[in-house]
Amino acid sequence: MQSNILQMTADLLGMLPLHDREAVDSAVRFALERHEGQKRPGGEPQACHLLRVATRAAKYAQANSPDDMCELVQSALLHDVVEDTETTAE
């Protein structure tokens with residue numbers, strides 16, 4: 001499954017303009033670290049869900065709001081961090 005997460009991450013970063021990749025990669029690493037070991041109800045790693053949502057956000061941004069792509073993708077990656085981990089909003 002780890003190779004799937006790596007491929008999903010590479011695919012996501014490949015969708016982004018070069019100037020957004022570092023910021024999004026940082027959000028990916030933060031989200032994956034915080035959700036490490038967590039599984040979805042069906043047993044899939046939480047990371048796969050986050051990366052799928054982020055990919056959908058990137059596709060939406062490409063078509064509708066390219067200037068907001070970085071923020072939309074970061075939001076998608078981090079949408080469960082406060083709810084599902086010990087991380088606080090601060």
Side-chain angles (χ1 to χ4, degrees):
M1 190 58 73
Q2 186 64 27
S3 64
N4 192 30
I5 293 169
L6 292 174
Q7 185 61 55
M8 292 173 78
T9 300
D11 292 346
L12 173 63
L13 293 175
M15 296 174 70
L16 301 166
L18 287 175
H19 64 272
D20 288 337
R21 289 183 188 171
E22 185 176 334
V24 171
D25 186 53
S26 179
V28 167
R29 286 184 277 113
F30 183 82
L32 296 184
E33 174 188 302
R34 296 294 187 224
H35 289 284
E36 187 174 353
Q38 289 184 349
K39 303 281 186 192
R40 301 287 292 168
E44 176 183 58
Q46 179 71 4
C48 292
H49 164 69
L50 300 172
L51 289 164
R52 266 197 310 278
V53 173
T55 298
R56 288 182 184 133
K59 288 178 183 177
Y60 175 86
Q62 284 176 330
N64 299 288
S65 187
D67 292 339
D68 299 322
M69 183 179 285
C70 184
E71 290 83 6
L72 286 168
V73 173
Q74 287 175 316
S75 296
L77 288 163
L78 301 173
H79 79 272
D80 282 334
V81 170
V82 173
E83 179 182 348
D84 293 344
T85 74
E86 298 295 320
T87 307
T88 65
E90 290 78 34

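Everything quoted here is computed from the prediction, not taken from an experiment.
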Salt bridge (Lys or Arg N to Asp or Glu O under 4.0 Å) contacts touching residues 51-70 (sequence neighbours left out): E44-R52
Y60: hydrophobic cluster co-members (side-chain, 4.5 Å): L72
Under the ring-ring contact (aromatic ring centres under 6.0 Å, His included) test, residues paired with H49 that sit two or more places apart: H79
Interatomic distance, R40 atom CZ to C48 atom SG [nearest 0.5 angstrom]: 10.0 Å
Minimum heavy-atom distance L77-L50, with the two atoms named: O-CD2, 3.7 Å
Minimal non-hydrogen separation, A76 against A57, with atom names: CB-CB, 3.9 Å
With R29 via side-chain contact (heavy atoms from CB on, under 4.5 Å) - residues at least two apart: D25, S26
Set of residues satisfying side-chain contact (heavy atoms from CB on, under 4.5 Å) with respect to A47, sequence neighbours excluded: I5, L32
Which residues share a side-chain hydrogen bond (donor to acceptor under 3.5 Å, both in side chains) with E71, sequence neighbours left out: none
Any residue meeting side-chain hydrogen bond (donor to acceptor under 3.5 Å, both in side chains) with Q7, in chain and number order, not counting sequence neighbours: D11
Contact check, side chains of P45 and K39, non-hydrogen atoms, under 4.5 Å: yes
Would you list the atom pairs, donor with acceptor, under 3.5 Å between side chains in residues 13-23 and any protein atom, with sequence neighbours excluded?
unit_1	atom_1	unit_2	atom_2	d
R21	NE	L13	O	2.9
R21	NE	L16	O	3.0
R21	NH2	L16	O	3.1

Please list every donor-acceptor pair under 3.5 Å in which a side-chain atom of residues 81-90 meets a protein atom from a residue at least two apart or in another chain.
unit_1	atom_1	unit_2	atom_2	d
T85	OG1	V81	O	2.4
T85	OG1	T87	N	3.1
T85	OG1	T87	OG1	2.9
T87	OG1	R34	NE	3.2
T88	OG1	E90	OE1	3.4

Q38 atom CD: more than 12 heavy-atom contacts under 6.0 Å: yes
Inter- and intrachain pairs under ring-ring contact (aromatic ring centres under 6.0 Å, His included), touching residues 27-48, at least two apart: none
